[in-house]
Every structure is written in C-alpha cells, then in structure tokens.
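Have a look at this one.
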2 protein chains.
Amino acid sequence: MVTIDFTILGMLNWKPMTGYDMKRMMQDSPVMYWSGNNNQIYKALVQLLDMGYVTNELQYQESAPNKKVYSITDSGRAALEAWILETEPESPEFKKAFLIQISWAGLMEKEKIDQLLARYEEQVREQIAMRQEEKRRQKYFPNRSEQEHYVWDQIYDNLCQSYEAELQWTVRFREGLKALK
Amino acid sequence: MVTIDFTILGMLNWKPMTGYDMKRMMQDSPVMYWSGNNNQIYKALVQLLDMGYVTNELQYQESAPNKKVYSITDSGRAALEAWILETEPESPEFKKAFLIQISWAGLMEKEKIDQLLARYEEQVREQIAMRQEEKRRQKYFPNRSEQEHYVWDQIYDNLCQSYEAELQWTVRFREGLKALK
DNA sequence: CATGCCATGTAAGGCGTTACATGATTTC
DNA sequence: GAAATCATGTAACGCCTTACATGGCATG
C-alpha cells in the first residue's frame with residue numbers, strides 16, 4: 001500500500017469512477033500528476049479489489065467501450081481514513097534541474113547567465129498561468145462542504161504560490177546579478 | 001547524455017574528484033540529491049570515459065582503498081558548456097505527497113485537519129533549518145570568482161525560499177481554517 | 001568491540017514514462 | 001479522411017533507491 005493506492009481510495013471516496021476517469025483526474029491534477037498512468041492505476045485497482053477495499057460494476061455501453069465503475073467499500077474507507085490521520089506528513093520535494101544547469105554557469109559571461117535566467121523566468125510564468133487556469137476551471141473540485149471547498153482552494157493555491165516564489169527568486173537573482181561589479 | 005552526465009562534468013570542471021567524492025557531493029546537495037547513488041555514478045563515469053569527456057588516474061594508497069581520480073577533458077568542457085547554454089530550462093517540479101493526504105481530509109473534523117497541518121509545518125521548519133545550516137557550512141561552494149560565489153549563494157537561497165514559501169502557506173491555511181464557520 | 005569512513009563496484013526491485021493494441025464514435 | 005475521445009489493458013525501458021560485497025583504518 002503506497003501513495004497511489006490511497007490516491008485512488010480518495011478519489012473513489014469522492015465519487016465512483018472508472019480507471020480511465022482516475023487517470024484523467026490524476027494527469028490533469030498538479031498534485032497527483034505523478035502516478036497518473038495506466039500501468040500503475042490498473043495494477044493498483046486489481047490489488048485493491050483483492051484486498052476488498054474497492055468493488056466494481058461492469059457497465060455495458062453501445063456507443064463506447066464497456067467500462068468498470070469502481071466504488072469504495074467500508075473497509076476501504078477505514079483504510080483511507082487511517083492513512084490520512086496516521087501517516088507522518090512528508091516534507092515536499094523539489095526537483096529543479098535548472099539549478100544544476102545554472103550552478104555551473106557561474107564562470108560564464110554575465111549576459112549568458114542573465115539569458116538563462118530570462119528563459120527560466122519565462123517557463124515559470126507559463127506554469128503560473130496554467131495553474132491559475134486550472135484553478136479557475138474548477139474541473140476537479142470536491143465541494144461536499146464549505147470546509148472541503150476551502151481545503152481544495154488552498155491546495156490549488158499551493159502550487160500557484162510555489163511557482164510564484166520561484167518567480168520572485170529569479171527576479172531578485174537577475175537584479176542582484178545586474179548590480180554585480 | 002542526461003542530467004547526471006552533466007552534473008558529473010560540472011563537478012569535474014570545478015575540480016578533479018573520485019566517484020566517491022561525487023556521490024558525497026550529490027547526496028549532500030539539496031540541488032542534485034537525486035542521482036546521488038553509486039549505481040548511476042559509476043555507470044555514467046564508464047560512459048563518459050568511453051566518450052572521452054573525462055580521464056582518470058589511479059592513485060595507490062596504503063591506509064585506504066586505491067582510488068580513481070577523474071578529470072574533465074577539453075571535449076568534456078565543450079560538451080558541458082554547450083549543454084548549459086543550449087538546453088531549454090525546465091520548470092521546477094514539485095512532489096508533495098502531503099497535498100494528496102490533506103486533500104481527502106476535507107470532510108474530517110476541523111481539529112484533525114489542523115493537527116495534520118501542524119505536523120506538516122513542523123517538517124517544513126526542520127527542512128528550513130537544515131538548508132540554512134548547509135548554506136552556513138559552505139562545504140560545497142565553488143568560489144572561483146565573485147560572480148560564481150554570487151550564483152551559488154542564490155542557489156542555496158533558492159531551496160530555503162521554497163521551503164519558506166511552503167511554511168507561509170501552512171500558516172495562512174491554518175489561520176483561514178480557524179476563521180471558518 | 002561495534003560502528004563509521006574511505007572507495008569501488010554489483011544486484012534486485014520499485015516507481016514512473018512512453019508507447020502500443022483494440023475498436024467504435026465524434027470532431028475538425 | 002485524419003485525429004481525438006472513450007476505455008481497458010500490456011510491454012519495454014529508464015530512473016532511482018536500497019542493499020550487499022570487500023577490507024583496512026579510525027573513532028567511540
């Protein structure tokens with residue numbers, strides 16, 4: 001039982017879904033984007049079925065492929081709740097290949113460094129725009145209570161703020177660089 | 001040729017090192033921590049040797065295992081420089097398992113959510129302290145010019161600021177939660 | 001006397017990505 | 001007529017982690 005399993009249980013605790021639906025939600029989500037591939041989802045679903053944490057119902061469709069609609073069971077709900085409450089929160093991990101790239105540019109001409117930073121800034125701005133758009137669309141936005149709405153609002157903000165902080169860093173970096181020597 | 005290769009070339013362009021040294025530097029570094037394992041490093045070094053981007057010299061030691069000290073070649077330096085200047089900067093990736101955890105807690109009691117956030121805040125504070133300590137120690141801090149020193153200063157700050165932004169998010173989250181209903 | 005450091009490597013396995021297969025339906 | 005969507009799955013591969021093997025020396 002790893003994160004993907006609980007991600008699935010969480011989604012199913014929100015509403016019944018097919019594997020395809022979950023893949024969609026995970027891939028569109030800035031939070032659970034990793035693990036959002038067929039390979040892991042369909043494998044995990046088989047396991048969760050075995051453990052009795054989910055059930056599925058085959059739905060025949062004429063104008064589309066048949067689908068298996070999954071639902072969470074009581075024991076699945078219990079496992080999810082236990083995981084949420086008892087798992088020690090992990091500190092976030094940042095993977096920034098750009099920092100490696102720029103770290104070895106320190107001896108190059110100042111303008112080259114600035115150009116690199118400018119290109120990075122561009123990328124980060126794009127990310128911010130995308131995250132804001134995602135939040136605005138509210139495509140996946142559980143809203144079963146005022147409190148839940150607030151929580152999801154904060155989650156969408158989190159990513160925006162992370163990229164915003166990154167943007168501020170690049171701006172300050174470039175200003176300081178210009179002032180050098 | 002992927003990131004690990006250029007990470008190695010970058011380190012060797014700073015100073016000659018053994019595989020063991022590089023593993024150390026990568027694992028201690030908040031920037032290149034991923035890939036900091038024997039498996040990838042020793043494999044990559046063999047490849048880089050084949051391609052003529054690095055050379056090594058065997059040093060016999062009596063009171064310790066023999067070691068291979070690697071140095072970068074001119075063609076290695078050229079490849080590194082080309083990579084730095086021509087690679088399109090990647091936007092940073094954030095992997096925050098905690099967001100998944102909290103996202104499905106929206107229907108739980110307010111106190112439980114606050115406790116989760118409090119534990120997360122604790123984790124983030126620890127990270128900030130560690131990053132600041134790393135920066136203070138200046139163990140790995142290329143400093144061949146004022147400009148390079150400035151660049152590395154900014155790099156160490158980057159991680160601190162990312163965690164700082166995360167901390168601010170948790171604080172605001174908790175305040176807003178308290179004010180709810 | 002056990003643990004940890006130095007130093008090079010190998011092995012096993014999980015996580016995650018990309019691509020492929022199928023096949024009807026809708027959209028451009 | 002080509003491409004995308006729905007829907008379930010499989011296959012191949014690379015990245016990354018963890019652990020193991022060796023063996024002398026230093027530290028507690």
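Numbered from 1 within each chain, the chains take letters A, B, ... in sequence-line order. What's counted below: heavy atoms across the whole structure, side chains too, no hydrogens, waters or symmetry copies. Only a predicted model underlies this, so the values are computations on that prediction, with no experimental measurement involved.
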Handout entry: D:dT17 OP1/OP2 closer than 4.0 Å to side-chain N/O of B:N37
Key =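 Yes, B:N37 has a side-chain N/O under 4.0 Å of OP1/OP2 on D:dT17.
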Handout entry: Below 4.0 Å: OP1/OP2 of C:dG9 and any side-chain N or O of B:K68
Key =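 Yes, within the criterion.
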Exercise for the section: For B:E81, look at atom CD and say whether over 12 heavy atoms of other residues, nucleotides or ligands are found less than 6.0 Å away. Expected result: no
Exercise for the section: Check whether any side-chain N or O of A:Q61 sits under 4.0 Å from OP1 or OP2 of D:dA7, and answer yes or no. Expected result: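 Looking at the OP1 and OP2 atoms of D:dA7, one of them is under 4.0 Å from a side-chain N or O of A:Q61.
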Exercise for the section: Please check the phosphate of C:dG9 (OP1 and OP2 only) for any side-chain N or O of B:Y42 closer than 4.0 Å. Expected result: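 Checking C:dG9 against B:Y42, no side-chain N or O comes under 4.0 Å of OP1 or OP2.
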Exercise for the section: Please work out which residues in residues 6-36 of chain B have a non-hydrogen atom less than 4.0 Å from an atom of DNA chain D and list them by number. Expected result: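 Of all residues in residues 6-36 of chain B, the ones placing a heavy atom under 4.0 Å from DNA chain D are B:W34, B:S35.
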Fill in the blank from the handout: Quick tally for nucleotides 20-28 of chain C: nucleotides whose base has a protein heavy atom under 4.0 Å get B, sugar-phosphate-only ones S, the rest -, giving ---B-S---
Exercise for the section: Establish, with yes or no, whether the OP1 or OP2 oxygen of D:dC15 is under 4.0 angstrom from a side-chain nitrogen or oxygen of B:Q40. Expected result: no
Handout entry: Residue from B:R119, B:R174, B:K178 passing salt bridge (Lys or Arg N to Asp or Glu O under 4.0 Å) with B:D114
Key =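 Exactly one option meets the salt bridge (Lys or Arg N to Asp or Glu O under 4.0 Å) with B:D114, and it is B:R174.
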Fill in the blank from the handout: Atom CG of B:N66 and atom P of D:dT22 are separated, to the nearest Å, by 18 Å
Handout entry: Intermediate values then yes/no, side-chain hydrogen bond (donor to acceptor under 3.5 Å, both in side chains), A:Q132 and A:Y156
Key = CA-CA 8 Å; A:Q132 282 174 346; A:Y156 276 103; over 6 Å; no
Fill in the blank from the handout: A:Q47 atom CD is separated from C:dC15 atom C1', nearest whole Å, by 13 Å
Problem - salt bridge (charged side-chain N to carboxylate O under 4.0 Å, His left out) assessment of A:D21 paired with A:R24 - result: CA-CA 5 Å; A:D21 293 333; A:R24 270 291 143 106; over 6 Å; no
Handout entry: B:Q61, CD atom: more than 12 neighbouring heavy atoms under 6.0 Å
Key =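 Enclosed.
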Handout entry: Value in whole Å for how far the C1' atom of D:dG14 lies from NZ of A:K95
Key =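 For the pair A:K95 NZ and D:dG14 C1', the rounded distance is 11 Å.
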Handout entry: Gap between atoms OH and C1', on A:Y70 and D:dA7 respectively (whole Å)
Key =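 That distance rounds to 11 Å.
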Exercise for the section: State plainly whether the residues B:K96 and A:E93 are in salt-bridge range, i.e. N to O under 4.0 Å. Expected result: no
Handout entry: Spacing of A:K43 atom NZ relative to C:dG13 atom C1', expressed in whole Å
Key =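 One finds 12 Å between C1' of C:dG13 and NZ of A:K43, rounded.
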Exercise for the section: If the plane angle is over 60° it's perpendicular, under 30° parallel, otherwise tilted; pick one for B:F98 and B:W169. Expected result: perpendicular
Practice task
Starting at CD of B:Q47, measure out to CG of B:D5 and round the result to the nearest 0.5 Å.
Solution key: 6.0 Å
Problem - Spacing between B:K67 atom NZ and D:dG23 atom C1', to the nearest angstrom - result: 17 Å
Handout entry: Rounded interatomic separation in angstrom, taking CD1 from B:I41 and C1' from C:dT8
Key =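 Checked: the CD1 to C1' distance equals 12 Å.
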Completion exercise
Among C:dA12, C:dT8, D:dA12, the one nearest any side-chain atom of A:N39 is D:dA12
Handout entry: Close aromatic pair by centroid cut-off 6.0 Å: B:W83 and A:W104
Key =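 Ring-ring flag for B:W83/A:W104: false, centres at least 6.0 Å apart.
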Problem - Atom-pair distance (CD on A:Q59; C1' on D:dT8), nearest Å - result: 15 Å
